[in-house]
Amino acid sequence: MGKLDGRTIIVTGAARGQGEQEARLFVAEGANVVVADVLDDQGGALAKELGALYVHLDVGSEEDWRAALAAAKEAYGRVDGLVNNAGILRFNSLVDTPLDEFMQVVRVNQVGCFLGMKTVAPEMEDGGTIVNTASYTAVTGMAAVGTYAATKHAILGLTRVAALELAPRGIRVNAMCPGAIDTAMSNPAQLDPEADAEETSRALDGLYRKLVPLGRIGRPQEVARLALFLTSEDSSYITGQPFVIDGGWLAGVSVI
Ligand code: NAD
């Protein structure tokens with residue numbers, strides 16, 4: 001028995017990184033997974049490997065969302081879960097951030113999460129689940145990522161409101177707040193075919209040893225296990241909450 005047997009779950013930004021690991025784990029737990037991304041080659045190959053469905057979905061496009069939902073229902077007849085995982089990061093101080101860049105990040109991170117819930121929730125089975133991917137920067141500040149932090153704070157607001165509004169249908173809505181996770185977002189060397197991925201991960205562990213109590217960067221598989229918890233019956237009495245998964249980073253600072 002898998003923890004998601006018979007359930008259909010849409011995972012956005014699932015072509016790589018945390019979304020990919022969520023798709024892999026959910027399939028292993030018996031779910032029909034809809035791999036949604038703008039990286040069609042990578043997402044399509046993953047879906048083929050997993051026996052899942054790939055859909056092209058730019059999360060900032062309402063039209064794409066409608067088409068993705070229709071494709072999921074056509075393939076599997078129902079939708080029981082959504083993981084809003086797609087996201088982008090831009091580095092800039094607030095005063096140097098061009099409005100276009102601010103709006104680009106808002107469109108993917110914040111509007112994408114909003115449109116996902118707005119489109120999918122009305123057609124989701126009662127008792128379904130929504131997991132929104134926020135961030136450590138949803139609950140604290142971080143210099144040079146102000147736009148990103150603003151959108152991730154907004155995702156927590158959306159999560160809480162959606163949890164209240166969807167609770168009468170038994171739909172639970174929670175958010176994950178990962179610290180630094182070893183994906184292309186924190187480790188762009190992963191996108192360089194020439195780079196040694198294990199070596200760059202070890203270098204990042206060295207950097208985070210000083211910052212994070214558990215002494216290393218997180219792994220996308222660890223976030224996928226939290227997403228599974230929040231998508232399965234194991235979290236049946238939990239809704240409207242942010243879950244920090246950061247190796248203790250947010251706990252405080254050590255002065256000695
Ligand atoms: P990643 O860059 O490897 O993955 C992001 C995925 O989102 C990619 O597959 C990308 O193609 C997809 N994507 C980007 N724009 C999209 C769009 N408009 N429509 C659909 N898909 C789109 O990074 P990741 O770490 O796997 O990121 C997953 C989520 O985790 C993001 O929301 C990110 O903000 C969040 N997060 C990451 C970290 C970290 O350190 N890696 C920390 C906290 C939160």
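Computation of the quantities below employed the complete heavy-atom set of this structure, encompassing side-chain atoms and omitting hydrogens, waters and symmetry-equivalent molecules. In each ligand, atom 1 is the first atom listed, and ligand 1 is the first ligand listed.
- Of all atoms in ligand 1, listed by their number and element, those nearer than 4.0 Å to a heavy atom of Leu39 are 9 (O), 11 (O).
- Ser235 and Arg172 form a side-chain donor-acceptor contact under 3.5 Å, judged by distance and modelled atom types alone.
- Within the 4.0 Å heavy-atom cutoff, Thr12 does not count among the residues contacting ligand 1.
- Here the shortest heavy-atom distance to atom 24 (P) of ligand 1, taken over Thr183, Thr133, Ile217, belongs to Thr183.
- Checked for salt-bridge contact, Arg24 and Glu49 meet the test: a charged N lies under 4.0 Å from a carboxylate O.
- Remark: minimum distance from atom 42 (C) of ligand 1 to any protein heavy atom is reached at Gly179 O, 2.9 Å.
- By the 4.0 Å heavy-atom criterion, Ala134 is counted among the residues contacting ligand 1.
- Near Ser135, meaning under 4.0 Å from one of its heavy atoms, ligand 1 places the atoms 43 (C), 44 (C).
- Clustering ILVMFWY residues whenever any of their side-chain heavy atoms sit less than 4.5 angstrom apart, transitively, puts Leu50 in the very cluster that holds Phe26.
- Ligand 1 has no atom lying under 4.0 Å from any heavy atom of Cys177.
- Heavy-atom proximity to Gly17, at under 4.0 Å, picks out these atoms of ligand 1: 3 (O), 26 (O).
- Nearest protein neighbour of atom 11 (O) of ligand 1, counting heavy atoms only, is Asp37 OD1, 2.7 Å.
- One option in Ala138, Ala224, Pro178 has a heavy atom closer to atom 43 (C) of ligand 1 than any other, and that option is Pro178.
- For Glu101 and Asn92, the side-chain atoms include at least one donor-acceptor pair closer than 3.5 Å.
- Under a 4.0 Å criterion applied to the non-hydrogen atoms of Asn85, ligand 1 contributes the atoms 28 (C), 29 (C), 31 (C), 32 (O).
- Of all the atoms in ligand 1, the ones that sit under 4.0 Å from a non-hydrogen atom of Ile88 are 14 (C), 15 (N).
- Remark: distances from the non-hydrogen atoms of Ala180 to ligand 1 include one below 4.0 Å.
- When each atom of ligand 1 is checked for a heavy atom of Asp58 under 4.0 Å away, the hits are 17 (C), 18 (N), 19 (N).
- Each of the atoms 19 (N), 20 (C) of ligand 1 lies under 4.0 Å from some heavy atom of Leu57.
- Salt-bridge annotation for Arg107 and Asp58: present, with a side-chain N of the basic residue lying under 4.0 Å from a carboxylate O of the acidic one.
- At a heavy-atom distance under 4.0 Å, only side-chain atoms of Val108, from C-beta outward, approach ligand 1.
- The closest non-hydrogen atom to atom 34 (O) of ligand 1, taken over Tyr148, Tyr136, Trp65, comes from Tyr148.
- The nearest non-hydrogen atom to atom 40 (O) of ligand 1, considering only Pro220, Ser186, Ala184, comes from Ser186.
- Checking Thr129, Val11, Leu25 one by one against Thr231, the side chain to side chain contact (heavy atoms under 4.5 Å, CB included) holds for a single residue, Thr129.
- At least one heavy atom of Lys152 lies less than 4.0 angstrom from ligand 1.
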